[in-house]
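Report on the structure given below.
FYI, side chains are in, hydrogens and waters are out, and symmetry mates aren't considered; it's all heavy atoms of this structure. We're numbering straight along the sequence, starting at 1.
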Amino acid sequence: MCKETLLEIGILILLFCVSGYTMLAKRLSSSIVTAPMVFIAVGVTLHYLGLLKVDDSEEILHLIAEIALIVLLFLDASQINLKHLLKQNAWPLRMLLIGLPLCIAIGTLVGLLFFPDWPWAMVALVAAVMSPTDAALGEAVISNKAVPENERQCLTVESGLNDGLALPIILFFASVLAMTSSPENDTLRWLAFGASQVAIGVAVGLIMGWSSGRFFILAEARKMTSNIYEGIGVLALTGTSYLMAAILGGNGFISAFIAGLAFGNMVKGHCRFIYQFTESEGQILVWSAFTIIGLGLLPEAIEHISWPVAAYILVSLLIVRPLAIYISLLGTKTTLYTRLFLGWFGPRGLATALFALIVAKDILNDYGHSLLVVAINAVWISTLLHGITAAPAANWYGRYKRRLKADTE
């Protein structure tokens, strides 16, 4: 059978899988099967059947996942009401400002035990790449009304914000590692690179988000636009904030994240598109990225997995993150089970894969492959473990909270 025919068959199977999943999505949302699990499995299956060959898998994933992450970073950030967050809910703030640094610190200490031959900056970089969480992998928890709204909102806010907060730390450790492994050992150049990436990204994001929000409010007040065109404008804004920062020497992802925060808090719920897109059209971006991970990156990552890598991933998922979140919530009105529940549901997904790709491609040399092996294997292991436990654990936790409420009344 010719190559073109195999390609057409592979695409046909993929489209059938997408159509089939959409028909069963509501039923599957309450089961142990999640969308990322399905589409990673579809990608791996198509790879081993030889129906779809992705010669430049990293480049294709980089493009698709980059677009997905830019859009989702902006839209997730734009839905965060900063004033409400600061006044009403201390849990996600503690998880972000205490839990995230603790997760990186504990992950680094654990990593030094499993990878004694790696430089400390490489181990810290791996821990930082493993720290962002992905709401898409915990959708069965976040969308389950049995779980109290406070816990669901807490996980949503954390996953929406920790990508942007982790990225400067990832860039810093990547710059330190590149600096120490560079033959020239140009310390000032790498430190200046890391600082400019963050500073310019933040500045561009603030300017783009604030100014675009002002123009949006003005256009809406004078009835110069409509809901149809507002969405197109928001998507364009995500791209312009990213590209402008990149052109000026900053980090586009940080810019998109900050622009989303500024824009969302400027328009304050007036733009319905930012709430609708991630629940509908945005899903195709996520599904595509997970399919490419399974199709192009996962087979090689599995081939190179070792016992230290597998053990580190499991310890990171089962101990490091839960412990960090548990400590961060000490002193709050949370029970033991609430801390464990919030600590467990920190799945690693799209951000972990893409951040590893970014620094492996643009900054690292010899250590880039090792970073990808850890990150990609962490994604599929987390997809499996968190996917299987999401619906049962959410239902159990909902029953637990109802019993607790009944006992106190």
[X] side-chain N/O to [Y] backbone N/O, donor-acceptor pair under 3.5 Å:
| X | Y | value |
| --- | --- | --- |
| Thr352 | Met130 | no |
| Ser316 | Ile313 | no |
| Arg94 | Leu330 | yes |
| Tyr397 | Val147 | no |
| Ser255 | Ser241 | yes |
| Thr240 | Leu237 | yes |

Under 30°, 30 to 60°, or over 60°: which ring-plane class applies to Tyr312 and Phe114, parallel, tilted or perpendicular?
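Aromatic pair Tyr312/Phe114 classed perpendicular.
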Separation of [Y] [atom2] from [X] [atom1] (nearest 0.5 Å):
| X | Y | atom1 | atom2 | value |
| --- | --- | --- | --- | --- |
| Leu340 | Leu323 | CG | CG | 10.5 Å |
| Leu350 | Ile293 | CG | CD1 | 6.0 Å |
| Ile200 | Ile247 | CD1 | CD1 | 12.0 Å |
| Thr334 | Phe341 | OG1 | CZ | 13.5 Å |
| Met122 | Ser370 | CE | OG | 5.0 Å |
| Cys103 | Leu96 | SG | CG | 11.5 Å |

[X] versus [Y]: any side-chain heavy-atom pair under 4.5 Å?
| X | Y | value |
| --- | --- | --- |
| Val126 | Phe173 | no |
| Met208 | Ile258 | no |
| Leu125 | Ile170 | yes |
| Arg399 | Asn395 | yes |
| Phe290 | Asp134 | yes |
| Glu151 | Trp91 | yes |
| Val33 | Leu24 | no |
| Leu357 | Leu372 | yes |

Least distance between heavy atoms, [X] atom then [Y] atom:
| X | Y | answer |
| --- | --- | --- |
| Pro148 | Lys401 | CG-CG, 3.7 Å |
| Cys154 | Met95 | SG-SD, 3.2 Å |
| Arg339 | Gly331 | NH2-N, 4.5 Å |
| Gly201 | Ala245 | CA-CB, 4.4 Å |
| Leu100 | Ala166 | CD2-N, 4.1 Å |
| Ala301 | Val373 | O-CG1, 4.1 Å |

Do any side-chain atoms of residues 380-393 form donor-acceptor pairs under 3.5 angstrom with protein atoms, and if so which ones, sequence neighbours left out?
| from | atom 1 | to | atom 2 | distance (Å) |
| --- | --- | --- | --- | --- |
| Trp380 | NE1 | Asn377 | OD1 | 2.8 |
| Ser382 | OG | Arg348 | N | 2.9 |
| Ser382 | OG | His386 | ND1 | 2.8 |
| Thr383 | OG1 | Val379 | O | 2.6 |
| His386 | ND1 | Ser382 | O | 3.2 |
| His386 | NE2 | Trp344 | O | 2.8 |
| Thr389 | OG1 | Trp344 | NE1 | 3.0 |
| Thr389 | OG1 | Leu385 | O | 2.9 |
| Thr389 | OG1 | His386 | O | 3.4 |

What pairs of residues pass the side-chain hydrogen bond (donor to acceptor under 3.5 Å, both in side chains) test when at least one of them lies in residues 103-131, not counting sequence neighbours?
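Not a single pair qualifies under side-chain hydrogen bond (donor to acceptor under 3.5 Å, both in side chains).
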Apply the side chain to side chain contact (heavy atoms under 4.5 Å, CB included) test between Val320 and each candidate in Ile106, Ile325, Ile104; give the one that qualifies.
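Filter result, single survivor: Ile106.
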Val42 pairs by side chain to side chain contact (heavy atoms under 4.5 Å, CB included) with which of Leu46, Val44, Ile40, Thr45?
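When Leu46, Val44, Ile40, Thr45 are each tested with Val42, the side chain to side chain contact (heavy atoms under 4.5 Å, CB included) holds only for Leu46.
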Using the rule given for side-chain contact (heavy atoms from CB on, under 4.5 Å), can you reason through Ile254 versus Leu171, listing the C-alpha separation, both sets of side-chain angles and the distance that settles it, and then say yes or no?
CA-CA 11 Å; Ile254 293 176; Leu171 290 173; 4.2 Å; yes
Test side-chain contact (heavy atoms from CB on, under 4.5 Å) on His369 and Glu300 and set out the steps.
CA-CA 10 Å; His369 181 263; Glu300 183 180 358; 3.5 Å; yes
So does Tyr400 have more than 12 non-hydrogen atoms from other groups sitting under 6.0 Å from OH?
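Counting neighbours around OH of Tyr400, more than 12 heavy atoms of other residues, nucleotides or ligands fall under 6.0 Å, so yes.
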Around Met37, counting heavy atoms of other residues, nucleotides and ligands shown, do more than 12 lie under 6.0 Å from its CE?
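Count over threshold, so yes.
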Would you check, one step at a time, whether the test side-chain contact (heavy atoms from CB on, under 4.5 Å) holds for Val309 with Phe115?
CA-CA 8 Å; Val309 169; Phe115 310 115; 4.0 Å; yes
Should Leu342 and Leu155 be marked as a side-chain contact (heavy atoms from CB on, under 4.5 Å) after you check the CA-CA gap, both sets of side-chain angles, and the distance that decides it?
CA-CA 7 Å; Leu342 294 175; Leu155 291 171; 3.8 Å; yes
